[in-house]
Amino acid sequence: MNQFKKLMIASMMTCTMSLSVSAVNAKTTTKTNTKVTAKATTKKATKKAKKQTIKLNSTTKALTVGTSFTLKLTGTKTKAAWSASNGRVKLSKKTKNSVKVTAVKNGNVYVSAKIGKTYYSCYVKIGKKGTTTKATLAVSSNKVTLAQGAYTTLTYTTKTDVSKMSITNADKDIVSANLSDDGKTVILNGLKAGTATLTLKDNVNKTSAEITVTVTDNSASFTIDNDLPGTFSTYTSDHLSAVTTLSNVNVTSTADDDSTSATITGKVKVENLGTDDSDNHVFINYSINDSKGQSVKSGTIMLFNVQSGQTYNFTQKVSVDNDNSYVIHFSDYR
């Protein structure tokens with residue numbers, strides 16, 4: 001009987017140990033299977049997410065008429081339906097994920113790939129044949145001739161705000177250049193004879209235009225008569241003879257668009273008035289002759305209450321046309 005009990009107890013212990021090992025194995029297996037399943041699920045979800053990243057190789061494109069490019073759809077193996085919003089492009093060589101786009105007519109167009117109910121679009125801007133779609137800066141004239149002392153304006157075309165425009169000028173002593181507040185014109189002022197190169201810049205579109213400005217010296221040129229300074233001939237009148245000597249004769253001039261205003265200055269010494277003090281005056285005639293010897297302006301410088309042996313300053317203002325050289329001749333009389 002004791003032997004039978006011992007056998008029963010041994011059998012029960014064996015069964016208990018087997019059940020414990022099975023429980024541990026079951027727990028380990030469940031844990032392992034859970035990790036594998038979770039890992040597989042995560043990998044599948046990541047792969048699915050990558051697969052769903054669908055996009056075009058370009059969303060904007062600039063073409064000229066006659067040129068083309070290939071538009072591709074990536075991130076899917078599903079066949080796309082290709083279309084254009086108008087007839088400005090031709091679609092050819094269609095595959096399920098690419099199409100050749102050829103520009104036919106200038107203007108704007110959308111080229112799209114449809115997957116299910118979703119459209120993926122590329123905006124295409126088409127310029128005329130032989131032109132570029134890059135922003136350009138147009139100036140009404142790239143070469144300007146300007147008279148000294150005059151001004152002119154040039155217009156330019158751009159959509160960029162004037163605050164983003166600039167003009168460089170290395171020869172500011174020849175011409176001054178400024179941009180108008182309305183952002184439409186360049187204001188040029190001729191300062192002295194010479195040539196200056198200006199650069200108008202659109203700092204947004206990174207484009208520029210060069211302007212060459214030639215400033216001409218339109219002021220009249222004067223030459224003092226080679227006989228001066230010197231002593232004038234003696235002129236005989238009913239009363240006395242006067243001999244005068246001119247010195248320090250000079251001409252300064254300021255020109256505008258049409259004429260030159262000149263100031264003639266100098267000194268005159270009265271050599272001999274004679275003995276009749278009631279006739280103490282001297283008249284000096286001047287004649288301004290052009291390059292052909294023709295007198296274009298004449299007048300008289302009058303000196304009153306003068307005395308023999310004394311020197312007097314004189315100033316005479318005249319105005320002549322531009323674009324010529326002149327010679328001034330003097331003569332005196334009583």
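Worth knowing before you read on, the calculation uses all heavy atoms, side chains too, and leaves out hydrogens, waters and symmetry mates.
No side-chain donor-acceptor contact under 3.5 Å links N97 and T95.
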Enumerate donor-acceptor pairs with a distance under 3.5 Å from any side-chain N or O in residues 177-184 to protein atoms, sequence neighbours excluded.
from	atom 1	to	atom 2	distance (Å)
S180	OG	D182	OD1	2.4
S180	OG	T185	N	3.2
S180	OG	T185	O	3.3
S180	OG	T185	OG1	2.7
D182	OD1	K184	N	3.0

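Considering NZ of K96 and CD1 of I115, their distance stands at 10.0 Å, rounded to 0.5 Å. In this structure, OG1 on T70 lies 6.5 Å from NZ on K72, to the nearest 0.5 angstrom.
Scanning for side chain to side chain donor-acceptor pair (under 3.5 Å) contacts around N250 gives an empty result, with sequence neighbours left out. Every residue meeting the side chain to side chain contact (heavy atoms under 4.5 Å, CB included) condition with A103, not counting sequence neighbours, appears here in chain and number order: L63, I126. Evaluation of the side chain to side chain contact (heavy atoms under 4.5 Å, CB included) rule for K114 yields A81, Y119 as partners, not counting sequence neighbours. Applying the side chain to side chain donor-acceptor pair (under 3.5 Å) test to T118 and every residue at least two apart in sequence or in another chain returns nothing. Evaluation of the side chain to side chain donor-acceptor pair (under 3.5 Å) rule for S298 yields no partner, not counting sequence neighbours. Considering only residues two or more places apart in sequence or on other chains, D290 meets the salt bridge (Lys or Arg N to Asp or Glu O under 4.0 Å) condition with none of them. The side chain to side chain contact (heavy atoms under 4.5 Å, CB included) check on K267 picks up S247, N248, T311, N313, with sequence neighbours excluded. Under the rule for a ring pair (Phe, Tyr, Trp, His ring centres under 6.0 Å), the partners of Y123 that lie at least two apart in sequence or sit in another chain are Y110. The side chain to side chain donor-acceptor pair (under 3.5 Å) check on S166 picks up N203, with sequence neighbours excluded. Remark: N289 engages S287, S295, H329 in a side chain to side chain contact (heavy atoms under 4.5 Å, CB included) (not counting sequence neighbours).
R88 contributes no side-chain N or O that, together with a main-chain N or O of K105, makes up a donor-acceptor pair within less than 3.5 Å. Using modelled atom types, one side-chain atom of K297 and one backbone atom of S319 make a donor-acceptor pair closer than 3.5 Å. At least one donor-acceptor pair under 3.5 Å links the side chain of T74 to the backbone N or O of K55. When atom types are taken as modelled, the side chain of D171 and the backbone of G194 share no donor-acceptor pair closer than 3.5 angstrom.
Put simply, the side chain of I284 does not reach to within 4.5 Å of the side chain of T300, judged on heavy atoms. When side chains are defined from C-beta on, T199 does not count as touching I167, because their heavy atoms never get closer than 4.5 Å. Between L188 and T153, every side-chain heavy-atom pair lies at or beyond the 4.5 Å cut-off. Residues T195 and T212 have side chains in contact (heavy-atom distance under 4.5 Å, counting atoms from C-beta outward). Considering only heavy atoms from C-beta on, V124 comes within 4.5 Å of C122 through its side chain. Using a 4.5 Å heavy-atom threshold, the side chains of S85 and V109 count as touching.
At a threshold of 4.0 Å, the pair K164-D202 does not count as salt-bridged, since none of the basic side-chain nitrogens sits closer than that to a carboxylate oxygen.
Transitive grouping of hydrophobic side chains (ILVMFWY, heavy atoms separated by less than 4.5 Å) brings L91 and L71 into a common cluster. Linking Ile, Leu, Val, Met, Phe, Trp and Tyr whenever their side-chain heavy atoms come within less than 4.5 Å puts V249 and Y312 in one cluster.
Of the candidates T152, T145, L154, V175, V175 is the only one forming a side-chain contact (heavy atoms from CB on, under 4.5 Å) with V213.
Ring-plane geometry between F330 and F314 is classed as perpendicular, the angle between the planes exceeding 60 degrees on a 0 to 90 degree scale with a lower cut at 30.
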